[in-house]
Amino acid sequence: MKKILDNQMFLWKLCFKTCPAYMIYFLYDGFRYQGIIFLEHVLGIRYVLHCAEYREPFWKALLFIGIILVINMIQIIPDGFFIHGWTFRSKPKLYRALKEKMYEKASEIELSCYDDPKYYNDFVLAVAESESSIDRFLTMCNLIVQGITVLFTTGVFYLMTDAAGILFVLASFILRFLVSKVLNKLNYDVRLKVNPLERKRNYVSRVFYLNDYAKELRLHPKVGDMLEKEFEEANDEIISEQKKVGVKRSFLLFTKDYAVGDFIMDGLYITYLLFQAAVLHTIDYSNAVVLFNRTGSLRRGMANLADVVPMAQENSLYIEKIRAFLAYEPKIKRMEGNDVPEGNAVIKLDHVSFNYNEATEETLKDINLTVSPGEKIAIVGYNGAGKTTLIKLLMRLYDPSTGSITYHGKDIREYKPYDYRHRIGVVFQDYQMYGASLEENVLMSDPDEMAEADRNELRENAVDALSRAGFAQRLKSLPRGLDTQVTTEFEKDGINFSGGESQKIAISRAFFKEADIMIMDEPSSALDPIAEYELNKAMEKAARGKTVFYISHRLSTTRDADRIILLENGRIVEEGTHESLLELNGKYAEMWHVQAGRYEAS
């Protein structure tokens with residue numbers, strides 16, 4: 001129970017800190033709502049019936065009704081503002097406060113978390129349930145305040161009028177609480193089981209509606225058929241899981257809503273009231289009518305309180321996932337460590353090995369490599385050789401399983417990752433375009449946060465970076481220039497750039513950064529031969545004095561490198577210049593001769 005309360009308090013603190021006035025009025029609104037109902041449905045009706053039963057003057061009943069109407073009219077004004085205005089503004093703020101925490105944490109966790117299916121499932125579930133957790137929490141707060149108000153007002157009325165009737169309500173309350181607890185635990189267990197299946201189903205849905213897959217689905221309709229089959233299988237499994245608990249869930253719902261609800265209160269208690277009023281004459285008819293009328297409200301109030309604890313237990317399980325995600329301490333903390341010394345320096349890999357998890361074999365095995373400042377290194381090898389993994393280690397997106405990587409003579413684990421990565425300009429093979437302006441896609445930051453003088457300089461540098469990446473002519477053709485919206489997802493006048501154009505934008509990010517180390521992972525894969533030639537010239541100029549790592553299957557890019565590293569099965573099997581490796585007549589020479597027809601020197 002302590003953990004359940006702690007989890008609800010976590011959300012209360014977050015919500016109260018975000019919108020304190022809203023949360024206070026939110027609680028008051030639950031009290032106000034039930035207070036007005038008690039005034040109208042208990043005191044008002046009882047007084048009118050009492051006047052009729054004992055032949056009191058009509059004006060007394062009319063005056064009492066008028067007072068109640070005035071009070072009700074007065075409270076409707078703030079209530080309407082709260083429901084139709086304040087709530088619509090405040091709820092998005094509460095959602096944002098929690099999601100901002102989660103997005104910030106998501107940007108901090110290391111890539112290894114994405115390789116762990118269990119962690120990733122919990123991560124997806126936490127994000128998916130964040131807004132629902134707040135909604136459930138607000139609902140619980142409202143139910144608690146309303147329930148307490150009903151118990152206090154109607155409960156006192158019952159104690160003064162017919163104390164024995166409370167026993168019927170307590171019996172219904174306790175039994176409903178126990179049944180609800182079992183039912184909510186059942187629903188949570190099912191939710192956990194179907195979560196991976198829903199992820200698969202949602203993935204298939206994304207494939208069918210995202211632009212990225214549209215062309216291939218039309219060229220390969222059988223892929224769509226296969227995906228539809230996977231969707232149906234996932235859907236069938238979800239239905240199967242729901243069927244397994246269908247009978248049990250139906251029984252629990254029947255027990256909760258009828259057996260311990262309608263039967264006890266609408267059956268047994270009403271019979272008891274009629275006996276008290278008509279046979280024993282221990283209760284006035286006016287009181288009996290009000291008690292009968294108020295039975296439903298008291299039952300709902302008790303039922304709400306009965307439902308709160310199981311609901312809190314269920315919500316607590318989701319909040320636990322959210323808090324566990326937020327509490328996760330990244331092994332690589334981007335803002336902790338020493339500053340990196342200025343200038344370029346030697347990069348040394350000393351007996352570096354790496355595996356993604358203990359269950360898999362090593363992707364890299366005993367890598368020894370020393371790279372001088374300004375040296376241009378080409379990393380080649382067949383798919384799965386470990387090229388991209390090596391680059392991820394150099395960027396410290398992962399840490400080596402064994403061995404060390406040093407820069408400026410110190411292990412890179414001693415440096416602040418944020419500062420160290422700032423020294424690296426990267427073009428990823430699987431780069432992404434974002435639904436933002438062209439300028440933001442180059443800067444990869446928010447230009448609005450810059451001072452006006454800095455902003456102008458940044459725009460000039462962004463234009464220069466795009467020009468060096470071969471995007472100058474395309475930029476001139478854009479009516480909105482750097483303010484052009486990338487993709488048409490959010491603005492109809494946005495532009496979906498071609499693969500080659502997108503790649504040039506991605507390359508401009510590395511040029512804009514003016515980093516000491518540049519990493520190019522297949523930088524020209526989407527470019528035509530002329531654009532590739534121009535890019536190589538631009539990179540040659542831009543990379544002067546910088547350390548450059550090329551990963552490429554096009555060996556025309558590698559032959560101008562100072563040194564070529566050939567990886568195979570996670571090991572360096574050949575190393576040297578283009579000419580020396582051809583003379584060696586080994587695996588690199590074999591790869592070269594396969595492609596030689598396209599790369600003969602002119």
Side-chain angles (χ1 to χ4, degrees), residues 1 4-5 8-9 12 15-16 22-50 64-65 67-76 78-79 82-83 136-178 180-181 256 260-261 264-266 268-270 272-273 276 282-284 286-312:
M1 182 58 82
I4 294 172
L5 291 175
Q8 309 311 319
M9 283 303 299
W12 169 256
C15 293
F16 187 78
Y22 172 77
M23 293 303 297
I24 291 172
Y25 193 90
F26 182 83
L27 296 180
Y28 162 75
D29 186 66
F31 164 77
R32 175 205 59 77
Y33 176 72
Q34 287 299 335
I36 291 295
I37 289 178
F38 178 76
L39 186 65
E40 291 178 351
H41 293 206
V42 178
L43 299 184
I45 293 175
R46 179 177 180 270
Y47 186 76
V48 171
L49 291 174
H50 182 82
F64 194 86
I65 293 171
I67 293 172
I68 291 176
L69 285 175
V70 171
I71 293 173
N72 205 10
M73 288 172 63
I74 292 172
Q75 62 86 32
I76 282 175
D79 185 49
F82 172 75
I83 293 174
R136 282 190 292 265
F137 172 71
L138 293 176
T139 299
M140 284 189 298
C141 289
N142 187 265
L143 291 177
I144 289 170
V145 173
Q146 288 196 39
I148 291 174
T149 304
V150 169
L151 285 181
F152 180 76
T153 55
T154 306
V156 170
F157 178 77
Y158 264 76
L159 289 173
M160 294 176 63
T161 309
D162 180 34
I166 294 289
L167 296 176
F168 290 91
V169 180
L170 286 175
S172 178
F173 170 77
I174 293 171
L175 292 172
R176 185 183 179 95
F177 166 76
L178 295 174
S180 295
K181 184 176 180 181
K256 186 182 83 165
V260 303
I264 292 178
M265 300 307 296
D266 292 346
L268 298 181
Y269 181 59
I270 290 175
Y272 163 79
L273 274 180
Q276 290 285 92
T282 55
I283 300 177
D284 294 339
S286 57
N287 285 334
V289 171
V290 172
L291 286 170
F292 169 72
N293 183 55
R294 196 57 181 165
T295 297
S297 296
L298 184 59
R299 186 182 64 184
R300 284 191 295 273
M302 298 289 280
N304 287 342
L305 288 178
D307 289 342
V308 161
V309 174
M311 190 185 300

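Keep in mind that the numbers below use all heavy atoms, side chains included, and drop hydrogens, waters and symmetry copies.
Distance CG/Leu143 to CD1/Ile148: 11.0 Å, rounded to 0.5 Å. One finds the CG atom of Asn142 at 4.5 Å from the CZ atom of Phe26 (value rounded to the nearest 0.5 Å). Between Met311 atom CE and Ile4 atom CD1 the span is 13.0 Å, to the nearest 0.5 Å. Atom-to-atom distance recorded for Thr149:OG1 and Ile144:CD1 is 11.5 Å, nearest 0.5 angstrom.
Minimum interatomic distance between Met140 and Val308 (heavy atoms only, all atoms of both residues): SD-O, 3.8 Å. For the residue pair Pro310 and Lys181, the shortest heavy atom distance occurs at CG-N, 3.4 Å. Smallest separation of non-hydrogen atoms from Cys141 and Leu27: CB-CD2, 4.0 Å.
Applying the side-chain contact (heavy atoms from CB on, under 4.5 Å) test to Tyr272 and every residue at least two apart in sequence or in another chain returns Asp162, Ala164, Phe168, Tyr269, Gln276. In terms of the side-chain hydrogen bond (donor to acceptor under 3.5 Å, both in side chains) criterion, Gln8 has no residue partners (sequence neighbours excluded). Take Phe16 and apply the ring-ring contact (aromatic ring centres under 6.0 Å, His included) test, not counting sequence neighbours, and it matches Trp12.
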